[in-house]
Amino acid sequence: MTISVVDGAFLGANLLKIPQGGWFPLVVGATLFFMMSTWRCGRQVLTYHLQNAAISLTTFITNLTLFPPMARVHGTAVYMSARNLRMPHALQVNFEHNQVLHERIVLLTISIDFQKINFQNSKKLL
């Protein structure tokens, strides 16, 4: 309640400055908000479609044993993936376009576990 009163007073005092050039920061802010919200919505749609298009790793490995690739490329390929049992998109696209696999393929998933700190049981240093 107190913050809205202060913000309302601040807005009322600065409304007179909008025609004299205060419109520019408002237009820039609205444009940036529109661009960032469009970007976020687009990322959500892209993630949804990529997750639906990904095949499972067990299916891919089974198909590899039945139909091996034409060639194996020397070296190791490391693919990062947030999905545990799904094929990484980069690996899927690489295999579809090039029809080859590296000799060794590493699927890397990084998981971070945050611990909660109980401040009520902590001791003061000073």
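The shortest heavy-atom contact between Pro19 and Leu16 is CD-O, 3.4 Å. Residue Arg104 comes nearest to Thr76 through the heavy atom pair NE-OG1, 2.9 Å, listed as atom of the first residue, atom of the second, then distance. Between Phe95 and Val100 the shortest heavy-atom distance is CD1-O, 3.8 Å. The two residues Pro88 and Met80 make their nearest non-hydrogen contact at CB-O, 4.1 Å. The shortest non-hydrogen separation linking Ala54 to Arg86 is O-NH2, 2.8 Å.
When each of Ile61, Ile55, Leu107, Thr58 is paired with Met87, the side-chain contact (heavy atoms from CB on, under 4.5 Å) condition holds for Ile55 and for no other.
Between the Thr109 side chain and the Ser81 main chain, a donor and an acceptor come within less than 3.5 Å of each other. Gln92 places a side-chain N or O within donor-acceptor distance of the main-chain N or O of Ala53, the cut-off being under 3.5 Å. Of the possible donor and acceptor atoms, one in the side chain of Asn14 sits under 3.5 Å from a partner among the backbone N and O of Phe10. Here the side chain of Thr65 pairs a donor or acceptor atom with the backbone of Thr62 at under 3.5 angstrom.
When hydrophobic clusters are built by joining Ile, Leu, Val, Met, Phe, Trp and Tyr residues whose side-chain heavy atoms come closer than 4.5 Å, directly or via intermediates, Phe33 is not grouped with Val27. Neither Leu108 nor Leu57 shares a network with the other; the hydrophobic side chains, linked directly or stepwise wherever heavy atoms of I, L, V, M, F, W or Y lie under 4.5 Å apart, form separate groups for each.
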Evaluate Leu15 against Leu11 for side-chain contact (heavy atoms from CB on, under 4.5 Å), listing each step before the verdict. CA-CA 6 Å; Leu15 280 176; Leu11 177 66; 4.1 Å; yes
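A 6.0 Å sphere centred on CD1 of Ile3 holds no more than 12 heavy atoms belonging to other residues, nucleotides or ligands.
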